[in-house]
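Beneath this line is the structure, given in structure tokens, with notes to follow.
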Amino acid sequence: LARGVTGPDLAGRHVVVSAGGTREPLDPVRFLGNRSSGKQGYALARAAAARGARVTLVAANTSLPDPAGVDVVPVGTAVQLREAVLKAAADADAVVMAAAVADFRPETYATGKIKKKDGQDPEPVVLVRNPDVLAELSAHRAREGQVVVGFAAETDDVLANGREKLRRKGCDLLVVNEVGESRTFGSEENEAVVLAADGEETPVPYGPKEALADTVWDLVARRLP
Ligand code: CTP
Ligand code: CA
């Protein structure tokens, strides 16, 4: 059982977790991507399953072992992730968006490999906005009382940026961590502050992603109707 938890407090609940990072293709062999490993999302999925929840894990381009007893839905792009998350969220008690979703995608997809041409500069890549899945989930709750959680990696004034983002997204909880240099991406450890729409702020000391996952589920469980 999870640290500090005396029973399967998420039994009978369905939770959805997104993990990893979306890839936006330019042609059959190239994409715009990001450095999210998916480890935090997988830790969230394992922790929720250990606490008795039915878990749907929407996994974007991860290469991690499927957690036991978890329903894994693999996706590639932000548009595919949106579709899979919204479908799973229809009957979910909570949705945690731990995936790094690309803000933009190339406007056009070349069905054949893009080739360089002698003496010619490359064509510019034109980007268009992707849908904001977290904002959409927050604005249109599939179920009354559904708890929606976002993640934000910030630099500079991390807390101020986080508070602003929590308001803008309209989610219930926002897990904010500071990034830069070698922090967070691909690592086993994490440090964060969980900001809640009701004003509660929970610092989580530097430690394993499992500990942060359990703190997130503690905060979610307390807000479930
Ligand atoms: N997110 C999302 N859909 C997007 C972009 C982000 O659902 N198109 C979610 C992420 O999964 C994360 C949260 O929103 O849970 C915050 O992501 P972040 O990139 O920090 O937010 P943005 O609004 O894109 O802000 P920024 O301009 O700082 O990237
Ligand atoms: Ca973003």
Side-chain angles (χ1 to χ4, degrees), residues 16-46 55-90 92 95-137 149-155 161 165 169 175-190 209 212-213:
V16 179
V17 178
S18 70
T22 64
R23 290 179 178 178
E24 309 298 324
L26 282 155
D27 71 14
V29 295
R30 304 185 179 97
F31 57 82
L32 297 181
N34 61 70
R35 293 169 55 178
S36 177
S37 65
K39 285 175 186 167
Q40 183 63 67
Y42 275 61
L44 282 154
R46 284 194 304 271
V55 183
T56 304
L57 176 60
V58 177
N61 308 294
T62 54
S63 52
L64 298 165
D66 285 358
V70 166
D71 185 13
V72 181
V73 182
V75 295
T77 66
V79 167
Q80 291 166 354
L81 181 141
R82 172 181 176 275
E83 211 159 284
V85 167
L86 293 186
K87 182 169 175 234
V95 185
V96 180
M97 286 291 299
V101 183
D103 295 324
F104 312 107
R105 66 177 180 274
E107 185 178 40
T108 55
Y109 172 73
T111 53
K113 186 183 170 192
I114 298 166
K115 294 290 210 178
K116 55 191 176 317
K117 297 191 186 92
D118 270 352
Q120 274 185 26
D121 287 335
E123 290 294 319
V125 176
V126 178
L127 301 177
V128 295
R129 286 284 286 267
N130 268 330
D132 188 327
V133 185
L134 179 62
E136 190 174 344
L137 283 166
V149 184
F151 269 71
E154 299 289 343
T155 62
N161 291 342
K165 190 165 285 182
K169 297 282 191 176
V175 183
V176 184
N177 47 74
E178 185 171 1
V179 287
E181 305 298 292
S182 63
R183 295 177 81 95
T184 301
F185 286 110
S187 90
E188 304 296 336
E189 313 246 308
N190 214 344
K209 291 184 173 181
L212 175 55

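None of these values were measured; they are calculated from a predicted model. All heavy atoms count here, side chains included; hydrogens, waters and symmetry mates do not.
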Using every non-hydrogen atom in the two residues, find where [X] and [Y] come nearest and quote the distance to one decimal.
{"X": "Ser37", "Y": "Thr62", "answer": "O-CG2, 3.9 Å"}
{"X": "Leu212", "Y": "Gln40", "answer": "CD2-OE1, 3.4 Å"}
{"X": "Leu57", "Y": "Ala19", "answer": "CD1-CB, 3.8 Å"}
{"X": "Arg105", "Y": "Asn130", "answer": "NH1-OD1, 2.6 Å"}
{"X": "Arg129", "Y": "Phe104", "answer": "CD-CE2, 3.4 Å"}

Determine whether [X] and [Y] make a side-chain contact, defined as any pair of heavy atoms from C-beta on separated by less than 4.5 Å.
{"X": "Val17", "Y": "Val70", "result": "no"}
{"X": "Ile114", "Y": "Glu123", "result": "no"}
{"X": "Lys116", "Y": "Pro122", "result": "no"}
{"X": "Pro28", "Y": "Thr111", "result": "no"}
{"X": "Met97", "Y": "Leu137", "result": "yes"}
{"X": "Val72", "Y": "Pro67", "result": "yes"}
{"X": "Val96", "Y": "Phe151", "result": "yes"}

*Between Leu127 and Glu24, does a side-chain contact (heavy atoms from CB on, under 4.5 Å) hold up when you go through it step by step?*
CA-CA 10 Å; Leu127 301 177; Glu24 309 298 324; over 6 Å; no
*Output, in order, the C-alpha distance, side-chain angles, deciding distance and verdict of side-chain contact (heavy atoms from CB on, under 4.5 Å) for Asn161 and Lys165.*
CA-CA 6 Å; Asn161 291 342; Lys165 190 165 285 182; over 6 Å; no
